[in-house]
> 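Got a structure here, written out as structure tokens. Questions coming.
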Amino acid sequence: MSTSPLHAVAHLLDTSARICVLTGAGVSAESGVATFRDPDGLWARFSPYELASMDGFLANPERVRDWYNYRRAIINGVEPNAGHAALAGIEKLLGENFTLVTQNVDRLHQRAGSVRVLEVHGNIHENRCNDCLGVRSDDELTCPSCSGSMRPNVVWFGEDLPEEVFAAAEEAARTCDVMLVIGTSADVWPAAGLPYTAKLAGAQIVEINPNATSLTPHVHHVLNGTSAVILPQILEAMT
Ligand code: BV8
């Protein structure tokens, strides 16, 4: 009996020592959180340069803060979906041999029970001081420690990713046997380089996405579908 591509991926996860997962906005789509580059995505309605860059913030801090508060309100009003829950379930099965690298800033993975999460683009629920980098969870606009401007604790275009977090993500990519790349257009660097790092180090790359991406021609397995449907099926098929 031939094995379906999904069961082949489940077998790969069952028989591999180390698993790394890279997720993007597509994993939160079935919770009702808009992605960035889908036809109905955020960048179809808003300007990434005006709203997700330091220049945009300095030009109009109120507009940027309002946009992030608009997104926070949406995120606080939704629940993690079955895809988030399945990833937490796979982590429970695999323990320390499982690392979840996410580009998402919504913390839905953690709300679903994922523990070993590397947030390479930050966390929308916090603000950070532009000057002293102090992180706060309240809505102070000015840093009480140094009077700098508080801005969302996310990585904007042209900003470096958090060094230690991204170094850990690269290490996880370099040492894994399988990388699941789920719900990302794989267009935003340097995070988009992680699957290539894993492949160069000998890992099997699996893409889970309803659409083809720039990464698709470079992967070993493609599961065409949405994460909230496919991930529970993979967890179910694992021993
Ligand atoms: C940096 C803010 C160093 C957070 C975002 C080469 C090397 C290094 C840098 C660059 C480079 N080339 C270009 C750059 C610059 C730039 C970049 O990559 N630009 C791109 C657009 C070309 N990178 C940077 O600026 C990064 N910083 O490199 O620092 C440096 C410093 C100075 C000068 C140069 C370099 C910073 C990047 C982070 C930017 N921050 N947002 C926030 O507000 O959320 S961008 C945004 O894109 C989010 O962070 C998001 O996480 C990220 C990736 O998007 P995706 O998650 O993939 O979402 P997308 O909508 O694109 O795709 C969704 C996918 O899901 C689709 O494939 C869809 O088919 C699929 N899907 C839909 N529904 C479902 C689904 N999948 C499964 N199930 C479903 N139901």
Side-chain angles (χ1 to χ4, degrees), residues 21-57 63-72 74-75 78 80-84 86-87 100-109 117-128 151-163 165-167 169-170 180-197 206-216 219 222-234:
V21 175
L22 173 66
T23 61
V27 166
S28 296
E30 284 155 293
S31 290
V33 180
T35 63
F36 291 90
R37 294 171 187 80
D38 281 323
D40 60 347
L42 290 172
W43 297 156
R45 289 173 278 149
F46 304 100
S47 151
Y49 181 73
E50 284 180 356
L51 296 168
S53 76
M54 180 57 77
D55 290 348
F57 175 71
R63 174 172 59 191
V64 172
R65 287 188 178 120
D66 286 351
W67 186 62
Y68 275 90
N69 286 332
Y70 154 76
R71 286 177 61 198
R72 285 168 175 147
I74 291 170
I75 291 165
V78 303
N81 61 57
H84 293 110
L87 283 174
L100 172 55
V101 179
T102 189
Q103 300 169 89
N104 299 342
V105 297
D106 56 30
R107 293 235 145 152
L108 289 176
H109 284 303
V117 182
L118 296 172
E119 292 176 319
V120 294
H121 287 169
N123 163 15
I124 200 169
H125 300 291
E126 296 169 334
N127 290 315
R128 126 171 138 254
R151 39 69 58 89
N153 190 24
V154 299
V155 180
W156 281 333
F157 287 107
E159 291 191 316
D160 286 323
L161 278 59
E163 199 172 330
V165 175
F166 193 65
E170 284 187 309
L180 301 184
V181 184
I182 312 168
T184 181
S185 57
D187 281 338
V188 177
W189 292 77
L194 292 170
Y196 300 95
T197 300
V206 179
E207 183 175 48
I208 300 173
N209 196 316
N211 304 305
T213 69
S214 51
L215 180 68
T216 307
V219 305
V222 178
L223 298 180
N224 250 319
T226 70
S227 48
V229 170
I230 288 190
L231 289 170
Q233 291 174 352
I234 291 177

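Computation of the quantities below employed the complete heavy-atom set of this structure, encompassing side-chain atoms and omitting hydrogens, waters and symmetry-equivalent molecules. Order of appearance sets the numbers: ligands from 1, and atoms from 1 within every ligand. What you see is a predicted model, and the numbers here were worked out from it, not measured in a lab.
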> Can you find an N or O of V188 that's nearer than 3.5 Å to an N or O of ligand 1?
no
> Carefully, step by step, assess Y196 and L215 under the rule side-chain contact (heavy atoms from CB on, under 4.5 Å).
CA-CA 9 Å; Y196 300 95; L215 180 68; 3.5 Å; yes
> Checking R63 against W67: charged group under 6.0 Å from the ring centre and within 45 degrees of the axis?
no
> Is there a polar contact, in the sense of an N or O pair closer than 3.5 Å, between W43 and ligand 1?
no
> When you measure from atom 39 (C) of ligand 1 to each heavy atom in D106, V155, T23, which option holds the nearest one?
V155
> Just distances here: any N/O of I208 and N/O of ligand 1 closer than 3.5 Å?
no
> Check ligand 1 against P210 and write out every atom of the ligand that is under 4.0 Å from a heavy-atom position of the residue.
71 (N), 74 (C), 75 (C), 76 (N), 77 (C)
> Report yes if G158 has an N/O atom closer than 3.5 Å to an N/O atom of ligand 1; otherwise report no.
yes
> Please compare F157, Y68, W67, F166 and report which has the shortest non-hydrogen distance to atom 19 (N) of ligand 1.
F157
> Which residue supplies the protein heavy atom nearest to atom 57 (O) of ligand 1, what is that atom called, and how far is it?
T184 OG1, 2.6 Å
> Regarding ligand 1, does Q103 bring an N or O atom to under 3.5 Å of one of the ligand's N or O atoms?
yes
> Suppose I only count heavy atoms of P190 and a 4.0 Å limit; which atoms of ligand 1 are within that range?
28 (O)
> Please report whether ligand 1 has a polar contact with T213, defined as an N or O pair separated by less than 3.5 Å (distance criterion only).
no
> Is the closest N or O pair between G225 and ligand 1 shorter than 3.5 Å?
no
> Among all protein non-hydrogen atoms, which one is nearest to atom 29 (O) of ligand 1, and what is the separation to 0.1 Å?
E159 O, 2.9 Å
> Do any non-hydrogen protein atoms sit less than 4.0 Å from atom 2 (C) of ligand 1?
yes
> Return the residue, atom name and 0.1 Å-rounded distance of the protein heavy atom closest to atom 18 (O) of ligand 1.
W189 N, 2.8 Å
> Which residue and non-hydrogen atom of the protein lie closest to atom 30 (C) of ligand 1, and at what distance in Å?
D160 OD1, 4.0 Å
> Tell me, which protein residue and heavy-atom name are nearest atom 63 (C) of ligand 1, and how many Å apart are they?
G183 O, 3.8 Å
> Could you give the side-chain donor-acceptor pairs of residues 223-230 under 3.5 Å, partners two or more places apart or in another chain?
residue: T226; atom: OG1; partner: E30; partner atom: OE2; Å: 2.7

> Would one find an N or O of W156, backbone or side chain, under 3.5 Å from an N or O of ligand 1?
no
> May I ask you to check if ligand 1 and T226 share an N or O to N or O distance below 3.5 Å?
no
